[in-house]
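The structure appears below as structure tokens.
Numbering of residues begins at 1 and proceeds along the displayed sequence. From a predicted model like this one, the values you see are computed outputs, not experimental measurements. The figures here come from the full heavy-atom set of this structure, side chains too, leaving out hydrogens, waters and symmetry mates.
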Amino acid sequence: IEWARIEPSEGVFDPKEIEHYKNVLLAAKTRGLKTFVTLHHFTIPIWFAKKGGFLNLQSVFYFARYAKICAENFGDLIDAFLTINEPQVYALMGYTLGVWPPNIHNYFASLIVQINLMRSHRAAYDAIKKVNKNYLVGIVKQLVWYKPVDGATYYINKITANVLHFLNCEFFLTPIRSKLDLIGVNHYFSIRVKNFKQYRLHERDSDLEWGIHPEGLENVLLSL
């Protein structure tokens, strides 16, 4: 669901767009599909961006209000609410590397955004549950598998891999684990770690030329 369509101006919710998404969801349900619906997939309303987006401490309030509107209007047509898609990718690309809007290259800003995304998920979870405690609410997380390379530096590689895994997984998921009914897993890469360096680990390439390493998916799921 596109937040900017639902709430084009602050506090103004568009009934025409709400009806559009109802029709989309109803069309899916009448065809026997289960609906796993994401509320935030990288893009945000312009009015929200002008307030600083997820750098703004009040972003939690705005996102929870939007989630509540979605629950009230679409809840019976949704099998699972997924609050945020790949929150750490959003922070990395927009605030660490600065290659996505708002094109900020600042590690501290990226940390603040990640914390506010954690808070926003928790607030949205509570807002949706207040509408109906039986609604399923989760998040979609991009997870990498880090494998230490054997050899003379194995223990250094293992510690490095563990730190990277913590930053990619537990750092974000642990603070919100009590507010998760499910986790959507996006797994694209397995990484070989050696002497503080990272190398793609794969058996073959996909059509996107991204490495495919089935063991990585297995290990990500076991770690969860």
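Although no hydrogens or angles enter the test, the distance criterion places no donor-acceptor pair under 3.5 Å between the side chain of Tyr146 and the main chain of Gln198. Distance alone, capped at 3.5 Å, places no donor-acceptor pair between the Asn85 side chain and the Val140 backbone. The backbone N or O of Asn157 lies less than 3.5 Å from no partner atom in the side chain of Thr153, so there is not a single donor-acceptor pair.
Residue pairs satisfying the side-chain hydrogen bond (donor to acceptor under 3.5 Å, both in side chains) criterion with at least one member in residues 88-97, sequence neighbours excluded, are listed as follows: Gln88-Gln114, Gln88-Lys141, Thr96-Ser110. Residues in residues 126-135 take part in these side-chain hydrogen bond (donor to acceptor under 3.5 Å, both in side chains) pairs, two or more places apart or across chains: Asp76-Tyr135, Asp126-Lys179, Lys129-Asp181.
Relative orientation of the Phe48 and Trp3 rings is tilted, given thresholds of 30° and 60° on the angle between their planes.
Side chains of Ile128 and Leu39 form a contact here, defined as non-hydrogen atoms less than 4.5 Å apart. When side chains are defined from C-beta on, Val193 counts as touching Leu164, because their heavy atoms get closer than 4.5 Å. A 4.5 Å side-chain heavy-atom check between Ile6 and Phe74 finds at least one atom pair inside the cut-off.
By the neighbour-count criterion of 12 heavy atoms within 6.0 Å, atom CG of Leu208 is densely surrounded, having more than that number from other residues, nucleotides or ligands.
Note that the CG atom of Leu143 and the CG atom of Leu224 stand 5.5 Å from one another [nearest 0.5 Å].
Partners of Pro175 under the side chain to side chain contact (heavy atoms under 4.5 Å, CB included) rule, at least two apart in sequence or in another chain, are Met118.
The aromatic ring centres of Tyr188 and Trp145 sit 6.0 Å or more apart. Close placement of the Phe54 and His40 rings is indicated, their centers lying within 6.0 Å of each other.
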Report task. Evaluate the criterion side chain to side chain contact (heavy atoms under 4.5 Å, CB included) for residue pair Ile156 and Phe196; output intermediate values, then yes/no. Result -> CA-CA 8 Å; Ile156 292 174; Phe196 304 110; 3.5 Å; yes
